[in-house]
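Here the structure is laid out as structure tokens; the discussion comes afterwards.
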Amino acid sequence: MAETPVAPPTSAPRWARKSIVVIVALAFALLAFGSTTQTWVDAEVQGSAVRTAHLSVQGSKAATSVSALALVGLAGTLAAAVAGRVGRAVASVVVVLAGVGVAAASAAVLADPRGAAEGSIAQATGLAGSQASVALTPYPALAAAAGTLLALSGVLLIVASRHWALRTRYDAGRAAAAGTAPDAAGAGSGHAGTDGEGPAGAVDGIDGWDSLSRGEDPTG
């Protein structure tokens with residue numbers, strides 16, 4: 001049986017190379033996560049029951065979902081780098097959704113910094129609804145930009161992955177096993193169909209020994 005020739009893999013365009021696309025997506029995911037470790041809202045709390053207090057509210061407290069979504073985007077990017085064709089598509093969609101979530105949560109803080117800092121203010125003062133003046137730092141805007149770019153990176157993963165190799169080691173092994181199975185089956189069937197060999201030959205040999213044990217000539 002002649003083997004089907006396999007065309008050599010074509011190199012992906014420079015913009016679609018796996019190393020470039022994956023590194024870009026990882027960078028934006030890490031940027032979004034890193035921004036949550038910084039101060040997003042500066043609050044000055046005043047009231048009759050508390051003394052004037054300055055609070056620095058980190059992004060992980062002002063928008064708790066941003067950290068989790070950034071990690072999801074990070075994991076999705078790594079999964080897209082090692083998965084098969086279908087897995088890449090699913091992981092890339094996850095990266096897009098994670099980026100959109102990061103951008104949306106960050107935009108919510110930009111729209112209502114007082115609400116984002118309310119929990120930290122109440123925890124520090126022990127009072128809900130305390131009077132406070134708040135000021136935003138650049139980090140919420142940075143996280144929103146990183147989330148938007150992460151979502152775009154997920155779209156790029158979907159498009160670029162079409163130029164990547166289509167088979168993982170598992171896929172290649174499975175295809176090789178499927179290709180050798182017909183040959184093995186054919187060899188087995190040809191052996192069974194040979195006169196005096198295979199299962200029929202084995203049965204005749206057993207009958208011959210039985211004839212000898214009875215004192216008969218099996219060749220007669």
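For clarity, every value in this text was computed on a predicted model and none was experimentally measured.
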Minimum-distance pair of heavy atoms, taken over all atoms of [X] and [Y]:
X    : Y    : result
W164 : R88  : CB-NH1, 3.4 Å
G76  : A91  : O-CB, 3.4 Å
G73  : V95  : O-CG2, 3.8 Å
V41  : A117 : CG1-CB, 3.9 Å
A32  : S35  : O-OG, 2.7 Å

**Message:** Using a 4.5 Å cut-off between side-chain heavy atoms of Ile, Leu, Val, Met, Phe, Trp and Tyr, which other residues end up in the same hydrophobic cluster as I23?
**Reply:** none
Side-chain donor-acceptor pairs under 3.5 Å in residues 58-66, sequence neighbours left out?
from : atom 1 : to  : atom 2 : distance (Å)
Q58  : NE2    : T37 : O      : 3.2

Single-linkage hydrophobic cluster [X]~[Y], side-chain heavy atoms < 4.5 angstrom:
X    : Y    : value
L31  : L97  : no
F28  : L142 : no
V109 : V102 : yes

**Item:** Side chains of I121 and L55 in contact at under 4.5 Å (non-hydrogen atoms)
**Value:** yes
**Message:** Any heavy-atom pair between the side chains of F33 and L74 that's under 4.5 Å?
**Reply:** no
**Request:** If a pair satisfies side-chain hydrogen bond (donor to acceptor under 3.5 Å, both in side chains) and one of its residues is in residues 89-102, list it, with sequence neighbours excluded.
**Result:**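 Residue pairs passing side-chain hydrogen bond (donor to acceptor under 3.5 Å, both in side chains), neighbours aside: none found.
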Find the distance between [atom1] ([X]) and [atom2] ([Y]) and round it off to the nearest 0.5 Å.
X    : Y   : atom1 : atom2 : result
L26  : L78 : CG    : CG    : 5.0 Å
L136 : W40 : CG    : CH2   : 10.0 Å
H54  : S56 : NE2   : OG    : 3.5 Å
R162 : R85 : CZ    : CZ    : 8.5 Å

**Item:** T39 and T137 side chains, donor-acceptor separation under 3.5 Å
**Value:** no
**Request:** Can you sort out the partners of A145 under side chain to side chain contact (heavy atoms under 4.5 Å, CB included), two or more places apart, ordered by chain and number?
**Result:**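 If we apply the side chain to side chain contact (heavy atoms under 4.5 Å, CB included) test to A145, skipping adjacent residues, there are no hits.
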**Prompt:** With V72, which residues qualify under side chain to side chain contact (heavy atoms under 4.5 Å, CB included), at least two apart?
**Reply:** V94, A98
Going by atom type alone, with no hydrogens or angles, which donor-acceptor pairs under 3.5 Å involve a side-chain atom of residues 147-160 and a protein atom two or more places apart or on another chain?
from : atom 1 : to   : atom 2 : distance (Å)
T148 : OG1    : A144 : O      : 3.0
S153 : OG     : L149 : O      : 2.8

